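Report on one structure; see the data block that follows.
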Amino acid sequence: MSLALTGGLRPAPAQAGPAELALATKFACMSCHSQTQKLVGPSFDAIAAKYGGDNPKAVDALVTVIQKGSSGVWGPVPMPANPQVSEADARTLATWILSQK
Ligand code: HEC
């Protein structure tokens, strides 16, 4: 029996988090980033604290970082470019990262 065919049984997530986390996991962001701890790259809550929660310019800047990479902002380790991430997905990820606390 397929759950997908039973219609409406699967509850929508209460918050947007899990879908975006799945996207970040799919693109391997989570191998270098954690939501709360510094790994290879800065934690997402540290990035949100630095650029502010609801800042459209920061979203644009992070879309560029996610697609093109970054170096020298947080330390000596550069972030590689992610040309496989579409602009729409990069925007979803940037908005999500900036909303973390
Ligand atoms: C190979 C490890 C690695 C991967 C994979 C990676 N990052 Fe990063 N990321 C870093 C490092 C290191 C930095 C800090 C770069 C710097 O100091 O400029 C960083 C910085 C960032 C920043 C902050 C940039 C800034 O200018 O302050 C964001 C946002 C970010 N990463 C998001 C992502 C997202 C989203 C993904 C997945 C598409 C991802 N990263 C994948 C290592 C990684």
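Remember, predicted model here, so these are calculated numbers, not experimental data. Read the numbers this way: they start at 1 and go in the same order the structure lists the ligands and their atoms.
- With a 4.5 Å cut-off on side-chain heavy atoms, Tyr51 and Val59 do not count as touching.
- Residues Gln67 and Ala90 approach most closely at CG-CB, 4.0 Å, considering heavy atoms.
- Taking the six-membered ring where the residue is Trp, Phe44 and Trp96 present perpendicular rings, their angle passing 60° and hence far from 30°.
- Under a 4.0 angstrom heavy-atom cut-off, Ala24 registers as lying outside contact with ligand 1.
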- [ ] Would you please test Asp45 and Gln35 for side chain to side chain contact (heavy atoms under 4.5 Å, CB included) and show each step?
- [x] CA-CA 6 Å; Asp45 57 7; Gln35 288 177 257; over 6 Å; no
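- No side-chain donor-acceptor contact under 3.5 Å links His33 to the backbone of Val40.
- With Ile47, Thr92, Val63 as candidates, the residue nearest to atom 28 (C) of ligand 1 on a non-hydrogen basis is Ile47.
- To the nearest 0.5 Å, atom CG of residue Leu21 and atom CE of residue Met30 are 5.0 Å apart.
- Within the 3.5 Å criterion, the main-chain N or O of Ile66 finds a donor-acceptor partner in the side chain of Asn82.
- Close approach of ligand 1 to Ala28 (heavy-atom distance below 4.0 Å) involves ligand atoms 5 (C).
- Within ligand 1, the atoms closer than 4.0 Å to a non-hydrogen atom of Gly75 are 17 (O), numbered from 1 in the order shown.
- Contacts between Pro78 and ligand 1, counted as non-hydrogen atom pairs separated by less than 4.0 Å, involve the backbone only.
- Two residues are said to be in side-chain contact when any heavy atoms from C-beta on lie closer than 4.5 Å; Leu39 and Cys32 fail this criterion.
- When each atom of ligand 1 is checked for a heavy atom of Pro80 under 4.0 Å away, the hits are 1 (C), 3 (C).
- A cation-pi contact, defined as under 6.0 Å to the ring centre and within 45° of the axis, links Lys50 to Trp74.
- For ligand 1, the atoms closer than 4.0 angstrom to any heavy atom of Val73 are 16 (C), 17 (O), 18 (O), 26 (O), 27 (O).
- Not one N or O of Ser31 is nearer than 3.5 Å to an N or O of ligand 1, by distance alone.
- From the protein, the heavy atom lying nearest to atom 25 (C) of ligand 1 is Tyr51 OH, 3.2 Å.
- Here is the list of ligand 1 atoms found below 4.0 Å of a heavy atom in Leu62: 29 (C).
- Annotation: atom 17 (O) of ligand 1 to nearest protein heavy atom, Trp74 N, 2.5 Å.
- Nearest protein neighbour of atom 12 (C) of ligand 1, counting heavy atoms only, is Val77 O, 3.2 Å.
- Distances from atom 8 (Fe) of ligand 1 under 2.8 Å pick out these protein N/O/S atoms: His33 NE2, Met79 SD.
- Distance check: Glu20 CD to Cys29 SG gives 12.0 Å after rounding to the nearest 0.5 Å.
- Although no hydrogens or angles enter the test, the distance criterion places a donor-acceptor pair under 3.5 Å between the side chain of Thr64 and the main chain of Asp60.
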Task: Criterion side chain to side chain contact (heavy atoms under 4.5 Å, CB included) on Leu62 and Thr95, from CA distance to verdict - done: CA-CA 9 Å; Leu62 292 195; Thr95 305; over 6 Å; no
